[in-house]
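Structure first, then comments.
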Amino acid sequence: MPARVARRRRWATADGGQHRRLTPAQPRSEGISMWGAPSSGKSTFGAALGVALEKHPYERWRLRGVDIRSSDALGRLQNALVHTGEFPVGTQEPADYNWELVNPDERAGMRGLLGLTRRDRTERIALHLRDGPGRFQNPDRWLDTPRARELVETMAACAGFIFLYDPVSEHTMGDSYQHTSALLARIDQRLGGEPGGYLPQHLAVCLAKLDDARVYRSALTATVVDHNYAVDDSPFVPDYLAEEFFARMCRASPNPAAQELPPKLNRYFHPDRIRFFVTSAIGFYVNPSTGRFDPGDYRNVIAEPGEKPKIRAAIRPINVMEPVLWLAEHMKGSQS
Amino acid sequence: MMVLSERPVTITAEWALWGKDANDTDYRMLRCSAGTFSPQDFVYAIDRYSPGTLDVRSLPQVTVSWLKNPRTGLPTHLGLAIHETAAADDPRTGSARSRFDAAGREIVYVRFFCVPYDVLADREVSYRQLYHGFQRRTLPADDEPIAADLLMVPEDMVPSTAERQFAVQVAAQLLTTQPVCILGASEISLDRRLRFIDLVMSGLTYGTRSQLSAATSVNSNFTMHKHRLFFASAPRDDPRATFSDALDGAVTRSRRKPDVVVEWGRVDTARARDTDAINYLSWEGLGSRWAPRVLAQDTVPVDLKDKHAIREMLRRVHLGKVDKLTVQDTLACLGEDLRTGTGAAADLSRYIDSLLSKGAEQLSSQARDQCMRLVAQYDLLTDYPRVSSMRDRFYDALLQLVLDGPLTYERYLRLLDCLKTPMQQNAALLQALDRRRAEPADPTWLLVRRGIGDTDDDLINALAQNSVPATRLATRLVDDAVRATGSAGAGDFNSGEPTLRPEHGRLIFDPAVQYMTRYSNRDRAEFIRLGYLAPALDRYFAGDQPAQVKRAKWILRNVYGNRLSKRNIKEVLGGSPYPPTDALLAAVIQLAEAHAEFAMTEYGRARSANLVPSRRKRRFRSRLQVDPAVSYAKAIVLAVGLIVIVVMVMLVYLSHLF
């Protein structure tokens, strides 16, 4: 019996007694949970996902809400980022989004040579995204509260994680290791005894806020930056260099514990199920007149003292879609 | 809905402030009061009843909750949380709180207040009152609990009948033990949402508030929230994500019961199927104005997750009757129903029966004064067509409460103060007053009979039938007139009673005089004693000389005949204890034209009798009052005159000698 099915059946009967049964219409319990320290950009990442999909020059994926609340949230989050240029407010309580990645089939319904209607080959990948506040992962303050326990339960039932590591916030707060370590321990305890000894989930490690000047300069220093010359010259960190850059940024943290993050993640997750990305939810500023990236003027956030930070121009997410698609593809693969 | 006294209720609350400082990246407890609850208790309550991440543009929003006493473990306190931003233009918060956190994100603060449930239950405090009481309350810098005045919150808009019906249906849905989610209310203000929550809860016993969590807004994507009644923009449950459970029915993935989702204002979306909900909807009090007040008196804590507690509550609810209300509340319900034209006829009848039975009991003067104020406030003594079929009972019940005994003139005047329309327009009220007369000789009764439409002859006959002494009413008229003008009276008849108002005296003057004339055998001595009722005429017909003269003439003609002799004139104008009036003089002159000068002389003498002293007195007084200057002058003149005379006599004498 596949581990995932076994886990699902276990959940279905856990605590509820043998009389509880699932209806045939029950959606898959698998979803993607995000975690990261407070203000690491989890909500902004979720908000930018739809835009990233829509802006991608080659991919035809798009995001849709499965239910009304998720659909409304999708519209609201995107509108805030794109139209009003505002960042989402800090998450106070966990938010669940039932989204679906859709890759449309352009030729669905068309008639072939023999007059037969072509089968619809639209790809659909369920994406149950959970955006929880960072404080619930703090072992000193929150991990024992009922709400945090509930969060752990839900995360344990997920098929994939997105871990957002914000080097800017880490530099001032130094709390990423603290949040990650306690949470993983709890999830591991909850799932305990998985075949192979690893956690069964896939993990996308996202080093966030590449657009921040400090992170960008660090990337330049580390010589991990490449440029998207085919589009607008905007910089990015290729995936094969992401792990190295992540480790480097962990080492740069004033909190020495952060250096332990890469090995810890590798201990908990199977090497085939972990992948590193360097992301930016809003991307770099690109001069509208030239349409090219300008190394002397690339900040896409205007932050005046005492004012709410505003997004300067259109957002150009970097590596936001990729981790989600990677997770979704693997989740899909494991479900089939 | 709740009835609070108009005086503010001061309550003490423990409090906590939740949010961030400018250097924080995540939320935490900023400060709190020291008392029953520890900071951990506050954190637990704020987190447990959080509405999720709210759009800052929709703030402020309110959540209500309950807390267990950490020592006893019993639900003893209600919590009210105000979720708000530290807007820069808010003088309460702008200077003290940071608007943005370390990451530049706008901070949503939570001011949390908790108050003992017992205190609120005693005073039947609504959530809206709590909110308005705490809204402008600044949190102290120290950790002392705060006191807040809860006032009656003005109702800027009365809930419509449709809204009430919807609230009843939502209340019924709460009895299913499932959370109730209200959609489609995005345009509804916070105050109205809060009022609606109060409206829903006023349909259940007050005790259900003891363990209720409700929110004026929740984030639907925060699916783990614990609110039992809440407003949201979208349902949180996916209908496909429910499970059937052999014991408890449907459950969601997180093993809680799925929400009952209703659309704002649409009763059809809130139809009850649960047996307890249907049982509740069969209660006769539902939709009535009295029901919330009866329910507010039932403060036994009820857990809306517990079917057993719900059924026990329903049993008590079905015993709820109008009789359980206080007299004041019953009057207020009756007044509101009549004023707004709402409420069933059966309810009106119930109110009246209850008032009749309660009014017979002894009421405190304070309660009676409150009743009087309510009667005046709702103008209950007006002729309401809706009570036409039960008018007699209606007015009997009201008069019993207001009059506190038989009808006297003082009570009659109090009654008039409660009326906004002339009493003559309300025959049923007058008839009810007629039934409560004290004695036939009381002028109030005559006023009532006059209002009903009795003529002078009817009144005279009625007085005669009741063997009222002939001069009784006339004496009252004169005495009141004299008392009112401040001069000495002929007797101390009813000296504690208010004097008759001119408009009332005018109404009963004619029958009183006619009755006296007819049944006292034109006793001249009595007329003289009463001054031919001239003082009464002067007061009750003030400014109307012709009316006074006409009536004085009529009296004199009945006493003396058509002509007056000088002796009669002297008796009329100078023989009574009261000074004659101009009208009396005019009447005398008209009846004795030949003696007009004599009459005027006598009139002047009588009028000045008390003012002009007698000759002897005048002389005596003149002796006493001699001006020294005048006396010296006189003495000099006399001396000079004497000297002149002496000199002349001497000159004459000397001329004879020489």
Side-chain angles (χ1 to χ4, degrees), chain A residues 11-12 15-17 19-23 25-27 29 37-41 43 66-73 76 86-98 131 133-135 138 141-142 145-148 150-151 153-154 157 166 168-169 172-173 175 301 303 306-309, chain B residues 18 20 22-29 40 43-44 46-48 50-56 83 85 88 98-108 110 183 218-226 232-248 250-251 253-255:
Chain A
W11 177 85
D15 303 331
H19 55 268
R20 206 181 290 274
R21 63 180 176 78
L22 302 179
T23 57
Q26 178 206 353
S29 63
S39 84
S40 56
S43 304
V66 172
D67 49 32
I68 298 171
R69 63 175 174 80
S70 307
S71 180
D72 287 354
R76 202 168 48 242
E86 290 177 350
F87 289 96
V89 292
T91 308
Q92 296 163 56
E93 299 293 345
D96 291 312
Y97 304 109
N98 283 331
D131 176 16
R135 69 172 186 277
N138 185 337
R141 287 165 50 195
W142 284 99
T145 62
R147 185 61 50 74
E150 237 175 320
L151 186 69
E153 286 290 318
T154 319
D166 173 13
V168 180
S169 160
T172 52
M173 308 302 292
D175 53 358
V301 179
E307 291 290 326
K308 199 190 287 191
Chain B
W18 169 266
K20 299 180 195 179
N23 300 323
D24 291 333
T25 53
D26 210 348
Y27 286 92
R28 65 183 176 89
M29 172 70 68
Q40 289 76 21
V43 168
Y44 178 82
I46 292 170
D47 181 50
R48 182 174 172 81
S50 168
T53 309
L54 297 175
D55 185 350
V56 290
H83 303 254
T85 55
S98 172
R99 196 173 168 199
F100 302 107
D101 67 3
R105 296 179 299 189
E106 189 147 20
I107 303 169
V108 177
V110 180
L183 301 180
V218 298
N219 184 335
S220 299
N221 293 298
F222 173 40
T223 56
M224 294 192 289
H225 72 75
K226 301 287 184 192
S233 59
R236 65 171 158 169
D237 297 326
D238 187 338
R240 295 169 298 169
T242 57
F243 308 85
S244 60
D245 187 300
L247 295 178
D248 300 328
V251 289
R253 180 180 238 172
S254 58
R255 278 170 279 155

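All heavy atoms count here, side chains included; hydrogens, waters and symmetry mates do not. In what follows, chains are A, B, ... by sequence order, proteins preceding strands, each numbered from 1.
Proximity to chain A is limited to the backbone of Leu54(B), based on heavy atoms less than 4.5 angstrom apart. In this structure, chain B has heavy atoms under 4.5 Å from both the backbone and the side chain of Asp96(A).
The two residues Arg69(A) and Arg236(B) make their nearest non-hydrogen contact at NE-O, 2.9 Å. Across all their heavy atoms, Ala234(B) and Asp72(A) have their closest contact at CB-OD2, 4.0 Å.
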(request) Kindly indicate, with the supporting measurements, whether the criterion side chain to side chain contact (heavy atoms under 4.5 Å, CB included) is fulfilled by Arg76(A) and Asn221(B). (result) CA-CA 12 Å; Arg76(A) 202 168 48 242; Asn221(B) 293 298; 3.9 Å; yes
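Contact count versus chain A (heavy atoms, under 4.5 Å) is highest, among Thr53(B), Asp24(B), Asn23(B), Ile107(B), for Thr53(B).
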